[in-house]
Amino acid sequence: MSRHRNVRGMNYDDDYDGYDEVYGHSVEDDAYGVSPGTAEEFLYRRSYHEHHLGKYMDKIGEGEEEDEENTLADSKTYQKPKLSDVDEARLQSCLEGIRNVVGDGTPEHILIEAVLSSNFVMEKAIDAILNQEEASSKDSQHSKGASNHIDLPTRSHQRVPQVRANDLSMSKVTGDVTRMSFPATKKPVTGFYIADDDSGGERVATPPKVTSPTRRSSLPVPPMAGRLLGDSTDRLPKVASTSDLGAMGGSNSRPSSRPTSPSTGRRDSKVAKSSIDVAKEYAKRQSSGKELINLVVIGHVDAGKSTLMGHLLYLLGQVNQRQMHKYETESKKQGKASFAYAWVLDETGEERERGITMDVGLTRFETPNRIVTLLDAPGHKDFIPNMITGAAQADVAILVVNATNGEFESGFESGGQTREHALLVRSLGVTQLAVAVNKLDTVDWSKDRFKDITSKLRHFLKQVGFKEADVEYIPCSGLTGENLKEKATEPKLTQWYKGPCLVEQIDKLKPPERAIDRPFRLCVSDVFKGMGAGFSIAGKIESGSVQVGDKVQLIPVGETGTVKGVSIHDVDTRWACAGDHAALTVTGMDQNNVTIGCVLCTMEDPIKSCTRFRARVIMFNIDVPVTRGFPILLHYQTVSEPAIIRRLISTLHKSTGEILQKKPKCLTKQSNALIEIETTRPICLELYKDHKDLGRFMIRYAGSTIGAGVVTELK
């Protein structure tokens with residue numbers, strides 16, 4: 001065992017004596033035998049040469065610092081022009097989009113001047129800025145000349161071995177590199193043209209041309225593709241085409257026949273505009289026999305609106321048997337078996353739990369002669385703003401009343417929503433009305449009860465403004481389905497009622513004339529992100545038409561975008577026109593800037609936006625008189641905006657419009673007056689004489705509707 005060392009008790013300190021003194025330190029020059037000639041030839045010492053890196057860094061940075069100081073000085077002394085609120089918003093939107101393209105190196109005053117000169121068109125402004133930078137860079141290169149060129153340092157003490165003249169060797173490449181000059185420019189250089197010089201045989205590298213991306217001009221192909229040929233000529237050939245590249249690479253194949261793309265590598269996001277004659281397509285759709293109408297269902301809370309229309313949709317085949325069985329099972333579990341048909345339209349958990357409609361439900365069904373867009377409006381007084389939104393998008397309406405003893409009276413008397421809903425839809429332009437006397441089975445199909453309800457409603461609806469010829473009364477039951485799709489079969493009902501069923505009455509409703517030839521207007525009611533690129537904007541098209549590829553503008557935000565897709569009730573199509581509830585897929589806009597209440601319109605004729613306007617209003621039954629400075633809530637299409645009555649100009653005669661009193665002190669109930677209203681934010685408005693649907697609005701105060709009006713003048 002003597003050959004094995006005892007390593008457990010060994011002391012290693014003696015072996016590492018003096019190790020700390022030399023560890024991490026350089027070895028002395030005289031420790032090794034190197035002759036002075038060898039050291040001079042192979043060892044490079046920076047102190048022996050006058051060139052150092054800091055010398056070139058100072059030269060490179062001087063011009064850039066001066067340019068930055070001049071840029072800042074120009075921006076500080078620039079006086080920004082005064083713009084309106086709308087133009088200022090459009091300016092900021094354009095500046096943000098331009099900075100995303102050109103970066104932050106361009107002075108702000110140049111960006112502002114470009115946007116103003118291009119009339120807030122971002123594409124034209126970007127093109128002008130890039131062309132200006134290109135021209136300035138060319139001028140700077142010609143003026144500076146060789147003064148801005150930097151020569152790379154060479155080592156004079158290095159000896160280069162001799163080689164043959166016809167070989168493309170390291171010495172030749174080294175000599176060419178030392179003769180290259182690089183102009184000082186702020187733009188990155190991606191490649192070089194290699195040009196021949198017959199006089200001296202030198203190859204001088206010149207930077208490629210940088211062009212504006214909007215011009216789609218081609219960039220030069222790098223000439224170093226392929227291998228170099230060691231032929232008798234030491235110079236590289238000119239690169240001008242793909243055949244030259246093939247010759248440089250030693251390829252005998254023919255050049256590619258694939259055409260060269262004129263783009264700069266940027267993917268063109270423009271959508272080819274469809275050439276669709278919307279007038280002809282609309283006439284073709286109308287000739288098919290089914291015309292489009294927008295139908296809103298209104299009435300007091302618990303009148304059975306959702307159950308009535310849900311059962312009608314089930315009878316028309318819009319809801320399959322499996323889905324209906326699921327609704328019945330789930331409603332029974334919650335102890336609400338009678339709400340099964342209402343769940344067809346009340347889709348949210350809160351609506352099903354509370355048993356009331358809270359938001360406007362949107363669906364579609366067909367009758368023999370009509371394509372109906374159904375809007376199920378809430379009946380609770382807390383959700384009147386949502387009801388106004390649905391009624392503003394409707395052409396015709398169904399008023400549902402509860403025939404149960406005591407229920408009709410509670411909805412029709414003061415404080416009920418039957419009166420207010422009928423008054424609202426008439427003020428918003430609905431002239432045709434179908435009254436569905438629901439739950440008549442609870443009073444054993446009593447004829448006397450039906451006559452009592454219709455007599456009260458007929459007198460009230462006539463006062464509101466409905467013509468008797470435009471109002472029809474239908475007895476029915478939403479729970480049992482009696483007299484909905486088919487004529488009544490109940491003996492107690494057929495004894496005294498011989499009129500049409502609900503579907504037949506809907507089929508008789510006449511659609512209004514569509515303003516297809518007017519400028520495009522779409523009131524935004526919903527904004528959501530789809531599966532593809534861009535996002536979707538949904539709403540009713542009030543006038544005009546739109547198709548894929550159209551440029552649209554959002555007012556009052558001022559953003560512009562391109563329509564990439566159009567769908568109506570989740571069915572993709574290439575176009576849509578006035579009266580359609582469409583969803584447009586839009587690119588080029590910021591989704592965060594699109595809000596409910598904005599109006600999507602054409603670029604050529606956008607809708608006007610303002611904060612102050614004059615209107616002719618009629619006051620309803622109000623508890624307190626309306627005076628100057630009275631705060632109100634303005635409901636206009638899909639927007640609800642706080643406002644103030646700034647001026648009471650005059651009171652007018654209800655029938656003739658004559659001025660009864662100028663500058664009245666206050667407005668009382670049933671007053672007809674000309675007033676001036678100011679809103680907190682800009683809203684989109686049209687004059688009533690030019691566009692009736694976009695010229696109406698409602699006035700609410702303290703949770704109740706106090707008046708309605710039409711726009712007469714924009715400030």
Side-chain angles (χ1 to χ4, degrees), residues 297-315 328 331-332 335-346 355-357 376-381 397-422 425 433-464 466 468 471-506:
V297 183
I298 59 175
H300 186 63
V301 63
D302 292 335
K305 299 182 296 298
S306 297
T307 300
L308 178 70
M309 301 313 298
H311 200 163
L312 179 62
L313 292 174
Y314 172 68
L315 295 177
E328 292 175 356
S331 60
K332 286 180 182 179
K336 300 178 180 180
S338 61
F339 287 82
Y341 291 110
W343 283 16
V344 175
L345 294 171
D346 297 341
I356 60 174
T357 302
D376 183 26
H380 199 279
K381 65 178 181 179
I398 293 180
L399 176 63
V400 182
V401 296
N402 192 347
T404 307
N405 291 325
E407 292 294 333
F408 170 74
E409 287 74 14
S410 66
F412 187 71
E413 299 300 331
S414 179
Q417 302 306 311
T418 303
R419 286 176 175 267
E420 186 174 6
H421 281 202
V425 295
L433 188 67
V435 180
V437 184
N438 192 24
K439 300 183 182 182
L440 199 61
D441 56 330
T442 60
V443 293
D444 200 20
W445 304 102
S446 173
K447 180 180 179 181
D448 295 335
R449 180 62 174 169
F450 179 77
K451 284 187 174 181
D452 183 33
I453 293 174
T454 55
S455 62
K456 292 180 180 179
L457 286 175
R458 186 176 288 109
H459 179 68
F460 168 72
L461 294 177
K462 186 177 180 180
Q463 289 181 342
V464 171
F466 287 100
E468 291 188 10
V471 181
E472 188 71 27
Y473 301 91
I474 301 103
C476 60
S477 174
L479 188 61
T480 62
E482 190 68 28
N483 206 28
L484 294 184
K485 181 183 177 183
E486 299 176 353
K487 287 190 175 183
T489 57
E490 176 65 34
K492 295 181 180 180
L493 178 60
T494 56
Q495 289 178 0
W496 54 270
Y497 180 75
K498 305 297 181 181
C501 63
L502 186 60
V503 172
E504 291 176 350
Q505 181 59 33
I506 294 174

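One is the number of the first residue; the rest follow in order along the sequence.
For the residue pair D346 / T357, a side-chain donor-acceptor distance below 3.5 Å is found, with atom types taken as modelled.
When side chains are defined from C-beta on, V503 does not count as touching L484, because their heavy atoms never get closer than 4.5 Å. Looking at T404 and V443, their side chains never come closer than 4.5 Å, going by heavy atoms from C-beta outward. I356 is not listed as a side-chain neighbour of P378, based on a closest heavy-atom distance of 4.5 Å or more.
In this structure, F412 and F460 have perpendicular ring planes: the angle between them is above 60°, well past the 30° mark. Taking the six-membered ring for Trp and thresholds of 30 and 60 degrees, Y341 and H311 have nearly parallel ring planes, at less than 30 degrees apart.
Within a 6.0 Å sphere centred on NZ of K456, other residues, nucleotides and ligands contribute more than 12 heavy atoms.
Salt bridge E409/R449: present, at least one basic N to carboxylate O contact under 4.0 Å.
For K492, the side chain to side chain contact (heavy atoms under 4.5 Å, CB included) criterion is met by D444, W445, E490, not counting sequence neighbours.
With rounding to the nearest 0.5 Å, the separation of CD in E504 from CD in E472 is 11.0 Å.
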Please walk me through it: do L312 and L502 pass side chain to side chain contact (heavy atoms under 4.5 Å, CB included)?
-> CA-CA 9 Å; L312 179 62; L502 186 60; 4.3 Å; yes
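The only member of I474, T454, L461, I398 that meets side-chain contact (heavy atoms from CB on, under 4.5 Å) when paired with V435 is L461.
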